[in-house]
Engineer: 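One structure coming up, written as structure tokens, with questions to follow.
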Amino acid sequence: MKHAVLLFIHFSSAIFWVGGMAFAYFCLRPAAGSVLEPPQRLALWAATFARFFRYVAVAVVLLIGSGLWMILRIGLSYAPHGWLAMMILGLFMAGVFVFIYWRLYPRLVGHVSAGRWPDAAAALNDIRQLVALNLVLSVLTVAAAAFSR
């Protein structure tokens, strides 16, 4: 039963994080770009990230915690190679998220608050590029999980 609960927490956290990134990147970004002027679009992103990043921070902690718990229960030397790849990729993704959350997001908020729209757009573009990286890494992480034995 404990393993099933850990898997549920692990999968739910990953789905929320990766699904949110995919929605933001492939749906919200193009829609906001087509209907909003830069000041409104950038303010929307700052407000959206304020909510989303808090939930992602919780999801990342739960994801890493549940993953480490499951892998350490069987021992690193006994873990399938795919699990180890998933762990390394997931930790790298978490590092990218931490960088976005603690460095780039405050920059975006500061520029939006000051009405420095070109600087805010540049900060948002930096976030967009790292979200794209994390989306690619998430595909590799899912592949590592799916093909592990």
Side-chain angles (χ1 to χ4, degrees), residues 3-72 79-148:
H3 184 72
V5 171
L6 288 171
L7 276 176
F8 175 78
I9 291 169
H10 198 74
F11 290 159
S12 297
S13 298
I15 289 166
F16 179 83
W17 183 17
V18 174
M21 286 190 300
F23 168 77
Y25 195 88
F26 295 112
C27 301
L28 182 58
R29 186 177 70 88
S34 69
V35 300
L36 298 174
E37 294 299 318
Q40 293 81 26
R41 182 174 61 244
L42 293 162
L44 170 69
W45 278 110
T48 300
F49 287 150
R51 290 163 180 80
F52 181 61
F53 286 165
R54 282 182 287 191
Y55 293 115
V56 170
V58 172
V60 168
V61 168
L62 291 172
L63 193 59
I64 291 172
S66 61
L68 284 174
W69 185 270
M70 288 185 288
I71 206 166
L72 292 175
H81 288 59
W83 288 19
L84 299 174
M86 185 176 18
M87 181 179 71
I88 292 166
L89 289 165
L91 289 172
F92 188 76
M93 288 176 64
V96 170
F97 168 71
V98 167
F99 181 77
I100 291 170
Y101 190 55
W102 290 104
R103 292 291 307 244
L104 299 180
Y105 171 65
R107 190 179 307 162
L108 171 66
V109 170
H111 293 319
V112 167
S113 296
R116 292 190 302 266
W117 306 120
D119 294 332
L124 181 61
N125 188 56
D126 291 342
I127 292 170
R128 179 195 60 80
Q129 291 174 350
L130 290 176
V131 168
L133 171 64
N134 261 1
L135 283 168
V136 170
L137 293 173
S138 71
V139 170
L140 297 173
T141 304
V142 169
F147 295 108
S148 69

Engineer: So, for S148 and P80, which heavy atoms are closest and what is the spacing to 0.1 Å?
Structural biologist: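 That would be CB-CB, 4.2 Å.
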Engineer: Rounded to the nearest 0.5 Å, what's the gap from CE on M93 to OG1 on T141? Could you check?
Structural biologist: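 Going from CE on M93 over to OG1 on T141, the span is 5.5 Å.
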Engineer: Please name the residue in the list I127, D126, D119, I100 that meets the side chain to side chain contact (heavy atoms under 4.5 Å, CB included) test with L108.
Structural biologist: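 Exactly one candidate clears the test, I127.
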Engineer: How long is the straight-line distance from CG of L124 back to CD of Q129, given to the nearest 0.5 Å?
Structural biologist: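 Q129 atom CD to L124 atom CG measures 10.5 Å (nearest 0.5 Å).
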Engineer: Over all heavy atoms of both residues, which pair between M86 and A144 is shortest? Give the atoms and the distance, please.
Structural biologist: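 Of all heavy-atom pairs spanning M86 and A144, the closest is N-CB, 4.0 Å.
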Engineer: Do V98 and V60 touch side chain to side chain, with heavy atoms closer than 4.5 Å?
Structural biologist: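 Not in contact.
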Engineer: What distance separates L68 CG from L6 CG, expressed to the nearest 0.5 Å?
Structural biologist: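 So the CG of L68 and the CG of L6 are separated by 11.0 Å.
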Engineer: Step through the shown structure and confirm whether more than 12 heavy atoms of other residues, nucleotides or ligands are within 6.0 Å of CZ on R116.
Structural biologist: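 It does: R116 CZ has more than 12 such atoms within range.
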Engineer: Over all heavy atoms of both residues, which pair between A32 and W45 is shortest? Give the atoms and the distance, please.
Structural biologist: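 Looks like CB-NE1, 4.4 Å.
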Engineer: Using 0.5 Å steps for rounding, measure from the CG atom of L137 to the CG atom of L91.
Structural biologist: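 Here the interatomic distance stands at 12.0 Å.
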Engineer: Side-chain contact, heavy-atom cut-off 4.5 Å: L42 with L36?
Structural biologist: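 Heavy-atom side-chain distance check fails, nothing below 4.5 Å.
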Engineer: Shortest non-hydrogen contact from V112 to W117?
Structural biologist: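 In this case the closest contact between V112 and W117 is O-CH2, 3.7 Å.
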Engineer: Return the minimal non-hydrogen interatomic distance between R54 and Y101, and the atom names on each side.
Structural biologist: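 For R54 and Y101, the tightest heavy-atom pair comes out as CG-OH, 4.1 Å.
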Engineer: NE2 of H3 to OG of S66: how many Å apart, nearest 0.5 Å?
Structural biologist: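 Between H3 NE2 and S66 OG, I get 10.5 Å after rounding to 0.5 Å.
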Engineer: Sequence neighbours left out, what passes ring pair (Phe, Tyr, Trp, His ring centres under 6.0 Å) with Y105? Give chain and number order.
Structural biologist: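 Testing Y105 for ring pair (Phe, Tyr, Trp, His ring centres under 6.0 Å), a comparison that skips the adjacent residues, returns F53.
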Engineer: Output every pair passing ring-ring contact (aromatic ring centres under 6.0 Å, His included) with a member in residues 9-41, not counting sequence neighbours, ordered by first then second residue.
Structural biologist: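 Output for this query lists F16-F52.
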Engineer: Got a sec: does the CZ of F99 have more than 12 other heavy atoms crowding it under 6.0 Å?
Structural biologist: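 Check passes, neighbour count above 12.
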Engineer: Could you give the distance from CG (L140) to CG (L135), rounded to the nearest 0.5 Å?
Structural biologist: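 Separation between the atoms: 11.5 Å.
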Engineer: Could you report the tightest heavy-atom contact between S13 and A59, atom names first, then the distance?
Structural biologist: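 Reported closest heavy-atom pair: CB-O, 3.4 Å.
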